[in-house]
Participant: 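Before I ask anything, let me first share the structure, which is written out below as structure tokens.
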Amino acid sequence: MLVYLTAECCGYPISIFFIVVNEFCERFSYYGMRAVLVLYFRYFLLWDDDLATSIYHAFVALCYLTPILGAIIADSWLGKFKTIIYLSIVYAIGQVTMAISTIHDITDANRDGTPDNFTFHIALSMLGLILIALGTGGIKPCVAAFGGDQFQEHQSRQLNTFFSVFYLCINAGSLLSTLITPVLRAQECGIHTQQQCYPLAFGVPAVLMVISLVVFIAGSGMYVKTDPEGNIMWSVCKCIGFAIKNRFRHRSSSYPKREHWMDWANEKYDKLLIAQIKMVLKVLFLYIPLPMFWTLFDQKVSICHFSGLLGGLPDQMQTVNPILILTLVPIMDRLIFPLIQKCGLNFSPLKRMTVGMLFAAMAFVSAALVQIEIDKTLPNFPSSSESQLKVVNTYSTTLNVTISPNEHLLIESFGVQLHTSKHTYSTISCMFVNGYTADLNITNLDSIEPSATTNYTLVNQGKRDFVLRHGEQWCEFSRKFGFGASYTFLIPSTVFSDDCESITEVEDMKPNSVHMALQIPQYFLITTGEVMFSVTGLQFSYSQAPKNMKSVLQAGWLCTNAVGNIIVLIVAELGKLPKQWAEYLLFASLLVAVSIIFSIMAYFYTYIDPAEIEAQVRKEQGLEPEEMEKETLEMEEKDEDQKNEQGVKQTKI
Ligand SMILES: NCC(=O)N[C@@H](CCC(=O)O)C(=O)O
């Protein structure tokens, strides 16, 4: 038996240190850039909201589709080590290109603070994003699998912990960068004019990507590197194609059935390759229902936007997920899972993933319940067959208004009857009605003519000051705005003589009265679901893959995330249910249905040890033990040469 003893620390290969630090820096780079990307589209390139979010989602989906490319390159051509290095270079170039594209001074010839040639900035940033998507997605399946490759057979416990630590590093990187890069963007910088500092916000992630690459190369001498066994993906495709063709040729019932449809490739292809393809296909089949989890998960940002309960700070809300991950992963790993095991329950990986999906569904039920509470505080909006009318009385006495022969409204002096405006609940808006006899100027608003109104204007939560001006006359007043509320201010003709005292405030829509603590359960539930589902899925994809297709199966796992993102895009296009809570319940029910289907599929899945199956097939193929030993010895010599070159301590037992 041959065992390699690589340099270890506390039972873990030392090379792992370089891999997790590399992952931390890379995720910092990725999430840091993502945190300011939409802001860059909106306020630098001046795109509208729809275009900015569509391009953003398309970019994220692309980042989760390119892993297939990376996996093919790694498993069929370059091997994981070289693929990570080459694609990291592409990635770093992409980040640098992106950072350069945000320097407004490059095209700001007239020095007015805005770029003069938007085409240049758009082209450069799109090129940067394509390179980043290629790099980040391409290396993603390779890094996790490469980390797994560093462990020996006797380190299976450490291997499982590695995937948890790996996930912790992902989220530590994402947490720090999501906090830091928006702050960097808020700084001012520039050569000719001082503007929001996008070059710094994108430049720091670029630097982190270069550091990530340097750290990975620094560990070079310590890694266990497995070379690809030829163009495996091409062989897999040809083998599957042949099996299908051969099955079709022998479709008549006179031909005896075979145990598995891939067995129809037996005539032409190596039994080992067929066995490996069967292992991969079995797992990929199991992954079919999984995108539904990511569809819900990727909408969690929308859930937290729904009421703005935390004061409408969506950027900061993005940090809640990594903070919870950093807390929950150790709790699950060290406490919950061992406790379940102690109780004699077999909480197998696929069971964990099913429970994870149910947690995510519960998060959406919780979101629906909170939404129902919020809806109770909302005014009744007219249905599609109704309309509403708002009448403002700026006259000095009560007025009787007849709307139709039988309907009368009594409106007090400076009162407002009926409300017509529907607005996003996560904002505060107000409008002014000018009852003064001349034009008025109000802070930050256009001037209003007499008896005219402003549009509803969004204002920030909290205490706000307004200044009203007409020529030399002015008065100042403050109001406190509750989140989610809407107000109308009625300005009487006496406004300047009584120092703004007579301005009447009408609350069109009540402020949000639902406590922010109600949001905590849904965050907790969805992140618990993520830990059970995603960390386990990562481990499962590694453990169930044959040695030469580890990256491919990691890519398959990441594709479930890409499909989930694409479903989010489609759902957004198809439109929404009239009630938000109903939409949350619909998604929760869909995920429960999917988790039931998945649990049935999981019930029929038999966990395998790919190495054992491969050894068995080799034996069946007639590779006698001596021959296998010879083959092993040849491999041993080859590996020993390689290890000696790398200076790794290696012992044969
Ligand atoms: N908390 C989000 C997170 O950790 N995301 C992972 C992706 C998870 C997966 O698709 O496996 C990441 O950014 O790497």
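Atoms within a ligand are numbered from 1 in the order they appear, just like the ligands themselves. Just the heavy atoms: all of them, side chains too, but no hydrogens, waters or symmetry mates, feed the values below. Start at 1 with the first residue, then count along the sequence.
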Participant: Any atoms of ligand 1 less than 4.0 Å from a non-hydrogen atom of S534? List them with their elements.
Facilitator: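 Those qualifying, in numeric order: 8 (C), 9 (C), 11 (O).
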
Participant: OH of Y43: more than 12 outside heavy atoms within 6.0 angstrom?
Facilitator: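 Open.
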
Participant: In sequence, state the C-alpha distance, the side-chain angles, and the governing distance for Q150 and Y12, and then conclude on side chain to side chain donor-acceptor pair (under 3.5 Å).
Facilitator: CA-CA 9 Å; Q150 307 307 309; Y12 290 85; over 6 Å; no

Participant: Considering the heavy atoms of N321, write down every atom of ligand 1 situated less than 4.0 Å from one of them.
Facilitator: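 Atoms satisfying the 4.0 Å criterion: 1 (N), 2 (C).
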
Participant: Would you kindly check if the NZ (Lys) or CZ (Arg) of R34 is within the cone defined by 45 degrees around the ring axis of F59 and under 6.0 Å from the six-membered ring centre?
Facilitator: no

Participant: Check whether T560 reaches the backbone of Y287 with its side chain - one donor and one acceptor, N or O, closer than 3.5 Å.
Facilitator: no

Participant: Is the closest heavy-atom distance from Y31 to ligand 1 below 4.0 Å?
Facilitator: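 Yes, Y31 has a heavy atom closer than 4.0 Å to ligand 1.
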
Participant: Main chain of I122, side chain of S125: is a donor-acceptor contact present, judged purely on distance under 3.5 Å?
Facilitator: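 Checking the backbone N and O of I122 against the side chain of S125, a donor-acceptor pair under 3.5 Å is found.
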
Participant: Give the atom numbers and elements of ligand 1 that come within less than 4.0 Å of a heavy atom of R27.
Facilitator: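 The atoms of ligand 1 under 4.0 Å from a heavy atom of R27 are 12 (C), 13 (O), 14 (O).
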
Participant: For Y167 and ligand 1, does the shortest N/O to N/O distance drop below 3.5 Å?
Facilitator: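 Between Y167 and ligand 1 (N or O atoms, distance only) the closest approach is under 3.5 Å.
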
Participant: Does E23 reach ligand 1 with a nitrogen or oxygen that is under 3.5 Å from one of the ligand's nitrogen or oxygen atoms?
Facilitator: no

Participant: Taking the basic N atoms (NZ, or NE/NH1/NH2) and the acidic carboxylate oxygens, is any pair closer than 4.0 Å for K80 and D149?
Facilitator: yes

Participant: Examine the proximity of ligand 1 to Y64 and report which part, side chain or backbone, both or neither, has a heavy atom under 4.0 Å away.
Facilitator: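 For Y64, the contact with ligand 1 is made by the side chain alone.
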
